[in-house]
Amino acid sequence: MVGPDEIAAAVAALRAGDVIGLPTETVYGLAGDASNPAAVARIFAIKGRPSSHPVIVHVPDAAHVPRWARETPAAASALMRRFWPGPLTIVLPRTTSVPDAVTGGQDTVALRVPAHPVALRVLQAFDGGLAAPSANRYGRISPTTAAHVRADLGSEVAIVLDGGPSDVGLESTIVACLDSRVAILRPGRIGAGEIEAVVGPLSVASPEAPRVPGSVVSHYAPHTPLEIVDAAALANVVAAHARAGRRSAVLAPGDGRDLPVSAWRTAAADAASYGRTLYDDLRRLDDADADVIVVARPPAGAEWTAIHDRLTRAAAPVARKP
Ligand code: TXA
Ligand code: MG
């Protein structure tokens with residue numbers, strides 16, 4: 001458990017312009033004072049992320065929104081009421097007081113109230129906005145445990161609050177509420193159907209839609225090349241790799257007992273469980289000293305949309321760089 005002293009130390013560090021590892025229900029964030037450009041610059045430096053990429057501002061509750069957003073359309077208010085605290089990020093027109101470092105110079109700002117109790121305690125004590133991208137190096141797999149954050153960034157982040165494994169395990173759904181249109185910019189646990197139930201039919205994000213670095217194809221990638229294959233073909237694919245002298249690390253249903261693999265993670269049958277452990281599974285398979293990660297294609301169906309999205313990005317060939 002994270003005690004009051006740890007929360008106080010974290011808030012003191014944030015007030016001093018430092019950054020911390022912060023658990024959220026989606027993934028762990030690398031959090032800093034969103035009103036302090038130097039703190040935001042430190043986040044970008046630690047992540048190795050291009051400074052043109054905007055970051056999400058996390059706030060304690062919807063009452064904080066007007067400080068960051070100059071307009072809150074009715075659709076956005078309805079989404080906040082329905083899904084906050086929770087894994088939904090809402091992009092709105094920004095106020096002039098938002099540092100350019102937060103928005104990448106855009107006219108919009110992305111806001112979210114996370115549902116994790118530790119994140120909420122920190123935000124309430126801090127009583128302001130925390131810029132927090134996922135606490136991984138740019139382009140790598142997002143962390144879903146404090147140990148992941150320490151493994152990736154530990155030497156550069158003094159405080160990593162340990163809130164246990166993230167419950168959702170995938171980054172928040174991002175929705176833009178601009179020009180009276182609502183469009184999904186990044187799929188997540190909260191699906192299009194749930195959002196449409198609140199705001200009506202969605203628009204399709206246009207090419208001029210605000211930039212989402214997660215939409216760079218090479219995002220979320222392990223170091224080991226990853227391929228997605230039909231579940232029915234998995235045994236043959238693994239056998240072919242073995243014949244060619246390639247070791248496979250596999251994420252698939254079942255136990256793989258009879259297959260020549262160097263590692264196996266059992267895929268859950270339901271999307272929520274699969275998403276919760278996906279990034280930890282990919283990290284373990286990436287660490288298995290295999291030549292290829294082979295993933296059995298998960299089922300089709302709306303609740304699997306975010307998982308297909310992340311797997312497809314992890315499989316993108318441009319990601320296969322050191
Ligand atoms: O679940 C999450 O959203 C996690 C946790 C820590 O809250 N955060 C996260 O942050 O995934 P990050 O920086 O890895 O991804 C944030 C995404 C990026 O794709 C970024 O481009 C997008 O949010 N974003 C931020 N501000 C935006 C804006 N003004 N317009 C469009 N997209 C924006
Ligand atoms: Mg990220």
Side-chain angles (χ1 to χ4, degrees), residues 2 4 7-8 10-17 19-20 22-37 39-40 43 54-103 106-133 161 163 166-168 171-182 184-186 188-190 194-195 197-199 210:
V2 176
I7 300 285
V11 171
L14 291 165
R15 292 207 193 291
V19 300
I20 66 163
L22 183 74
T24 89
E25 81 281 29
T26 57
V27 300
Y28 275 65
L30 182 62
D33 180 355
S35 67
N36 178 346
V40 179
I43 293 171
V55 290
I56 296 171
V57 178
H58 299 70
V59 291
D61 53 49
H64 277 249
V65 167
R67 158 126 194 252
W68 305 93
R70 66 175 184 271
E71 276 166 46
T72 305
S77 299
L79 291 171
M80 290 171 195
R81 277 195 301 275
R82 171 71 179 81
F83 295 113
W84 281 1
L88 182 74
T89 295
I90 304 178
V91 175
L92 295 169
R94 65 183 276 192
T95 60
T96 50
S97 61
V98 186
D100 280 339
V102 167
T103 66
Q106 300 184 80
D107 191 38
T108 56
V109 64
L111 297 167
R112 170 163 117 81
V113 179
H116 195 290
V118 173
L120 283 173
R121 280 161 68 202
V122 170
L123 283 164
Q124 283 156 8
F126 184 71
D127 194 29
L130 292 177
L161 297 177
S166 296
D167 180 56
V168 176
E171 301 82 352
S172 59
T173 306
I174 302 182
V175 163
C177 292
L178 303 169
D179 307 329
S180 75
R181 286 174 311 184
V182 180
I184 293 181
L185 304 183
R186 179 175 72 184
R189 163 76 72 85
I190 296 173
E194 288 173 89
I195 293 169
V198 176
V199 301

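Because the structure is a prediction, the values reported are computed rather than measured.
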Asker: Between Met80 and Ala62, what is the shortest heavy-atom contact and its length?
Answerer: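 Minimum heavy-atom separation between Met80 and Ala62: SD-CB, 4.2 Å.
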Asker: Looking only at heavy atoms, which two atoms of Val57 and Gly129 are closest? And how far apart?
Answerer: CG1-CA, 3.8 Å
Asker: Side chains of Ser35 and Val102: closer than 4.5 Å at any heavy-atom pair?
Answerer: no
Asker: Looking only at heavy atoms, which two atoms of Val182 and Ala75 are closest? And how far apart?
Answerer: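 Scanning both residues completely, I find the closest heavy atoms to be CG2-CB, 3.8 Å.
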Asker: Please report the closest heavy-atom contact between Thr26 and Pro87, naming both atoms and the distance.
Answerer: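 Shortest heavy-atom separation between Thr26 and Pro87 comes out as CG2-CB, 3.5 Å.
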Asker: Determine whether Asp127 and Val11 make a side-chain contact, defined as any pair of heavy atoms from C-beta on separated by less than 4.5 Å.
Answerer: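 No; the side chains remain at least 4.5 Å from each other.
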Asker: Nearest 0.5 Å, what's the CZ-CZ distance between Phe83 and Arg189?
Answerer: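 So the CZ of Phe83 and the CZ of Arg189 are separated by 12.0 Å.
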Asker: Evaluate salt bridge (Lys or Arg N to Asp or Glu O under 4.0 Å) for Arg112 paired with Glu171, printing each intermediate quantity in order.
Answerer: CA-CA 12 Å; Arg112 170 163 117 81; Glu171 301 82 352; over 6 Å; no
Asker: Decide yes or no on side chain to side chain contact (heavy atoms under 4.5 Å, CB included) for Leu14 and Asn36, but give the supporting numbers first.
Answerer: CA-CA 10 Å; Leu14 291 165; Asn36 178 346; over 6 Å; no
Asker: Let's go through Leu88 and Arg82 carefully: what are the C-alpha distance in whole Å and the side-chain angles of both, what is the deciding distance for side chain to side chain contact (heavy atoms under 4.5 Å, CB included) to 0.1 Å, and is it a yes or a no?
Answerer: CA-CA 10 Å; Leu88 182 74; Arg82 171 71 179 81; over 6 Å; no
Asker: Just do the side chain to side chain contact (heavy atoms under 4.5 Å, CB included) check on Ile56 and Ser172 with the steps written out, would you?
Answerer: CA-CA 10 Å; Ile56 296 171; Ser172 59; 4.1 Å; yes
Asker: Mark yes or no for whether Tyr28, through its side chain, and Gly163, through its backbone, hold a donor-acceptor pair below 3.5 Å.
Answerer: yes
Asker: Between the main-chain N or O of Val2 and the side-chain N or O of Arg121, is there a donor-acceptor pair closer than 3.5 Å?
Answerer: yes
Asker: Within the distance-only criterion (no hydrogens, no angle test), does the side chain of Thr103 pair as donor or acceptor with the backbone N or O of Pro54 below 3.5 angstrom?
Answerer: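 No, Thr103 side chain to Pro54 backbone: no donor-acceptor pair under 3.5 Å.
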Asker: Please report the shortest heavy-atom distance between Ala131 and Val40, naming the atom on each side.
Answerer: CB-CG2, 4.3 Å
Asker: To the nearest 0.5 Å, what is the distance between CG on Leu111 and CZ on Arg94?
Answerer: 11.5 Å
Asker: Any idea which heavy atoms bring Pro93 and Val109 closest together, and the distance?
Answerer: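 In this case the closest contact between Pro93 and Val109 is O-CG1, 4.5 Å.
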Asker: Look up atom CG in Asp33 and atom CD1 in Ile43, then write down how far apart they are to the nearest 0.5 Å.
Answerer: 9.0 Å
Asker: Main chain of Arg67, side chain of Thr95: is a donor-acceptor contact present, judged purely on distance under 3.5 Å?
Answerer: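 At least one qualifying donor-acceptor pair exists.
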Asker: Quick one: are Leu123 and Pro114 in side-chain contact, heavy atoms under 4.5 Å?
Answerer: yes
Asker: Nearest 0.5 Å, what's the CD1-CD1 distance between Ile184 and Ile195?
Answerer: 4.0 Å
Asker: Sub-3.5 Å donor-acceptor pair from the side chain of Asp179 to the main-chain atoms of Arg181, do we have one?
Answerer: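 Such a contact is absent between Asp179 side chain and Arg181 backbone.
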Asker: Does any donor atom in the side chain of Arg186 or Thr89 lie under 3.5 Å from an acceptor atom in the other side chain?
Answerer: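 The criterion, which ignores hydrogens and geometry beyond distance, is not satisfied for Thr89 and Arg186.
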Asker: At what distance, to the nearest 0.5 angstrom, does OG1 of Thr173 lie from CD1 of Ile90?
Answerer: 10.5 Å
Asker: In Å and rounded to the nearest 0.5 Å, what is the CG to CG distance from Leu185 to Leu178?
Answerer: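 It comes to 8.0 Å.
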Asker: Could you go through Leu22 and His58, starting from their C-alpha distance and side-chain angles, then the distance that decides it, and tell me whether this counts as side chain to side chain contact (heavy atoms under 4.5 Å, CB included)?
Answerer: CA-CA 11 Å; Leu22 183 74; His58 299 70; 5.8 Å; no
